[in-house]
Amino acid sequence: TTNDRGKPSGDAFVHLDTELDVEKAVTHNREYLRERFVLIEEIYESQYIRETSGKSKKDEKSITKPGMEAGKGEQDKKGPGNNFYIILRGLPEKATEEEIGTFLVDCEIVGNIYRITNEAGRSSG
């Protein structure tokens, strides 16, 4: 996605397990990932779905963290009380999904990290 000036946004969307994970993630707001500080905000499920629906499999990056079962996706965790989402803004262009997962080390990520790419398929940032 691009901003109102046509520049890449540098955004990623993450589905977290609990409200406590959202609170933990927000404590990392304005911390540095590589050379850039990252803004973290809680978002509504509708925004997460709007921004991540229609993404091809190449846009999805599955992250398995310690204590998380490999291959466990969002479908396994869907249900009332399990829909907590954040957006990370200002990510470095070359930051990987693995680096984002490490940045959020104290949070339980459910499913995939969606890194938004520009029209050329490059990571935004």
(request) Any chance you could measure Leu91, atom CG, to Phe103, atom CZ, to the nearest 0.5 Å? (result) 8.0 Å
(request) Could you tell me the separation between the CD1 atom of Ile40 and the NE2 atom of His28, rounded to the nearest 0.5 Å? (result) 6.5 Å
(request) List the steps and the verdict of salt bridge (Lys or Arg N to Asp or Glu O under 4.0 Å) for Glu99 and Lys94. (result) CA-CA 10 Å; Glu99 287 176 305; Lys94 300 206 185 283; over 6 Å; no
(message) With rounding to the nearest 0.5 angstrom, report the NZ to CD distance, Lys24 to Glu19.
(response) 12.0 Å
(message) Can a side-chain donor-acceptor contact be found between Asn112 and His15 if the only test is distance below 3.5 angstrom?
(response) no
(request) Working to the nearest 0.5 Å, report the span between CZ of Arg36 and CZ of Arg30. (result) 12.5 Å
(request) Taking all non-hydrogen atoms of both residues into account, name the closest pair between Ala25 and Cys107 and its distance. (result) N-SG, 3.5 Å
(message) If you define the side chain from C-beta out and look only at heavy atoms, does anything of Leu16 sit under 4.5 Å from Ile109?
(response) yes
(request) Using a 4.5 Å cut-off on heavy atoms from C-beta on, say whether the side chain of Leu88 contacts that of Leu39. (result) no
(message) Keeping Asp21 on the side-chain end and Glu108 on the backbone end, is there a donor-acceptor pair under 3.5 Å?
(response) yes
(message) Nearest 0.5 Å, please: how far is OH in Tyr48 from OG in Ser53?
(response) 10.5 Å
(message) Before we go on, tell me: are the rings of Phe13 and Tyr114 under 6.0 Å apart, centre to centre?
(response) no
(request) Ignoring hydrogens and angles, tell me if any N or O in the side chain of Arg115 forms a donor-acceptor pair with the backbone of Gly10 under 3.5 Å. (result) no
(request) Identify whether Val14 and Phe37 are in the same connected component of the hydrophobic contact network (ILVMFWY, side-chain heavy atoms under 4.5 Å). (result) no
(request) State plainly whether one hydrophobic cluster holds both Leu104 and Leu20, where clusters connect Ile, Leu, Val, Met, Phe, Trp and Tyr through side-chain heavy atoms under 4.5 angstrom apart. (result) no
(message) Less than 4.5 Å apart, side chain to side chain, heavy atoms only: is that true for Glu31 and Asn29?
(response) no
(message) Using every non-hydrogen atom in the two residues, find where Ile100 and Ala12 come nearest and quote the distance to one decimal.
(response) CD1-CB, 4.2 Å
(message) Return the CD1 to CG distance between Ile49 and Asn83, rounded to the nearest 0.5 Å.
(response) 7.5 Å
